[in-house]
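I have placed the structure first, in the form of structure tokens, so that the comments after it can refer back to it.
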Amino acid sequence: MIPGVRGTRDIVPGDVERWQRVEAVARDVCGRYGYRELRTPIIEREELFAKGTGASTDIVQKEMYAFTDKGGERVTLRPEATPGMVRAFVEHALEQSLPVPKLFTIGPMFRYERPQKGRYRQFHQLNVEVFGVADAALDAEVIEMACTFVETLAIQGAELVINSVGCPECRPEFSEALLKALGEDLPKLCGDCQRRAATNPLRIFDCKVAADQPIIDQLPHSVDYLCDGCREHFEAVQRYLRAYEQPFRLSHRLVRGLDYYTRTTFEILASQLGAQNALLGGGRYDGLVKKLGGADRPGIGFAAGLERLVLALPGTDDEVAPDVFVAALGEGAREAAFVLARALRASGLQTLVDYEPRSAKAQLKRANRARARYTVIVGDDELARGEVTVKTMATGEQQSIARDGVVAALSSS
RNA sequence: GUGAGUGUAGCUCAAGGGUAGAGCGCCGGUCUGUGGCACCGGAUGCUGGGGGUUCGAAUCCCCUCACUCACCCCA
């Protein structure tokens, strides 16, 4: 046997129904908020992510499936969707053709990481992006929609966390304040934190090392360093959320890993997932469209991890069961059985037939195992009278029905 | 990339140097054209893979692969 590639998974029948449920809810919710689907390729030029996601991020530095193709082009399997969505938005001038560029996409992403629960090398996301709207009302609507999505899936124990990381105006000031506050304590922090202090000081807030916490708890908060514009924007976002009666927790430690985030950031956490507990995360990225060669347009969006949503989904697996099982008894009845099955399917009934000439007992057993509602027994005896026998599996009750009336009888039941 | 744990039948798990097992599931019979319940019978494993120690390895040792948890990262 040749095993599947590490970090990839098959979604088998019995599991796939849960995925379909998540995807159906995603499409339904997106549709109600006015989003249109945009499907972009899984491979993109490597530079799209170096520029978009950010050259300093771990994703770009060590997690991309990047290679040189046969034409000498540097390409990569996409590690996230947003830069591709922005590229397509710009490339097709979607702002001209769509009333409001509200876009969503569902598909696989690839990151070369050590797999663990809730984290895979090929994983799937729902991505939601809106371009060209700077108003805080949209931030709140996007966040509220994300919450509605999770609630509609009946996922328990989800918590919304929000923060503001400022903009290119006020963030440098905050980073400086951070380093200044750290001062002589910096060498006391863990190695990772010291590295973060040099590359992206905000990410010190991500640290989970226990010994570092007393120091980190004393650090200033980004919300206290926002410029007037960012502060008013963030206050407005919170006002709208309260108006929606959407509970949220402010966390000055929510900083997010991608370089492009500005102002509002948010996550929905699920308590039952363990270490990989973010169901969904996103924020505003006002400089990204311009950076990727488009006009100066603001943007906001989020990505939801489908594996994690499926993991957090409450138990009940929806069983897939046929309406009818057609059992053919006797060599002469088989042809009639297949013709009948075709007619039942044409009328919309999910129908199975046995392909082996098994005993009546064996076929009934199969019908039972498949959880068919009805078994239609097509036998030589019945056919001679122009009839078939319909058995209701739940009750065991059965009756003879004219062969040409069985489709009508079953499709109305 | 780092650390720890676990890999035995389709699934959940026993056997800790001496002939690989159970429960569930699957197939068949009792019931020759009638499922579920009961009873009876049957099939299924290169014990993740490779190497070593030993008269003999699922069991001990080494390597490798995969999975799980945590770090890291993030959806």
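In what follows, chains are A, B, ... by sequence order, proteins preceding strands, each numbered from 1. Values reported hereafter were calculated over all heavy atoms of this structure, with side chains retained and with hydrogens, waters and symmetry mates removed.
- Backbone-only contact: A:Ala278 has heavy atoms under 4.0 Å from sugar-phosphate atoms and none from a base.
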Kindly determine whether A:Thr68 and A:Arg74 satisfy side-chain hydrogen bond (donor to acceptor under 3.5 Å, both in side chains), including the steps that lead there. CA-CA 5 Å; A:Thr68 306; A:Arg74 282 297 291 176; 3.0 Å; yes

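- Regarding the sugar-base torsion, B:G5 falls in the anti class, its angle being beyond 90° of 0.
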Can you name the atoms? Protein N/O to nucleotides 1-5 of chain B N/O, anything below 3.5 Å, with the distance.
{"from": "B:U2", "atom 1": "O4", "to": "A:Arg114", "atom 2": "NH1", "distance (Å)": "2.8"}

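- Residue A:Tyr120 is in base contact, counting any heavy-atom pair closer than 4.0 Å across all strands shown.
- Note on A:Glu129 versus A:Lys102: no salt bridge recorded, every NZ/NE/NH1/NH2 to OD/OE distance being 4.0 Å or above.
- Using a 4.0 Å heavy-atom criterion, one finds that A:Arg256 contacts the sugar-phosphate atoms exclusively.
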Inset, instruction - Apply the test salt bridge (charged side-chain N to carboxylate O under 4.0 Å, His left out) to residues A:Arg358 and A:Glu356: give CA-CA distance (whole Å), side-chain angles for both, the deciding distance (0.1 Å), then the verdict. - result: CA-CA 6 Å; A:Arg358 282 177 230 276; A:Glu356 302 287 329; 5.1 Å; no

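- Residue contacts shown for A:Arg9 are absent, as no nucleic acid heavy atom lies under 4.0 Å away.
- Side-chain atoms of A:Arg373 do not come within 3.5 Å of backbone N or O of A:Asp323 as any donor-acceptor pair.
- Within 4.0 Å (heavy atoms only), A:Arg371 reaches no atom of the nucleic acid at all.
- Ring geometry, A:Tyr225 versus A:Phe174: the interplanar angle falls from 30° to 60°, so the pair is classed tilted.
- Using a 4.0 Å heavy-atom cutoff across all strands shown, A:Gly330 reaches no nucleic acid atom at all.
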For nucleotides 31-41 of chain B, 5' to 3', base contacts (B), sugar-phosphate-only contacts (S) and non-contacts (-) with protein non-hydrogen atoms under 4.0 Å give B-BBBB-----

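- Put simply, the side chain of A:Arg308 and the base of B:C74 share a donor and an acceptor less than 3.5 Å apart.
- In this structure, CD on A:Gln238 lies 4.5 Å from CZ on A:Phe248, to the nearest 0.5 angstrom.
- Look at OH on A:Tyr260: it is 11 Å from C1' on B:C74, rounded to the nearest Å.
- Residue contacts shown for A:Leu279 are limited to sugar-phosphate atoms, with no base heavy atom under 4.0 Å away.
- For the pair A:Arg18 (side chain) and A:Leu313 (backbone), a donor-acceptor distance under 3.5 Å is present.
- With a cut-off of 3.5 Å on both pairing distances, the Watson-Crick and G-U wobble pairs of RNA chain B assemble into stems of 3 or more at B:1-7 with B:65-71, B:10-13 with B:21-24, B:26-30 with B:38-42, B:48-52 with B:60-64.
- Within the nucleic acid shown, A:Gly4 has no heavy atom closer than 4.0 Å to any nucleic acid atom.
- Of the side-chain N and O atoms in A:Gln116, one or more sit less than 4.0 angstrom from OP1 or OP2 of B:A70.
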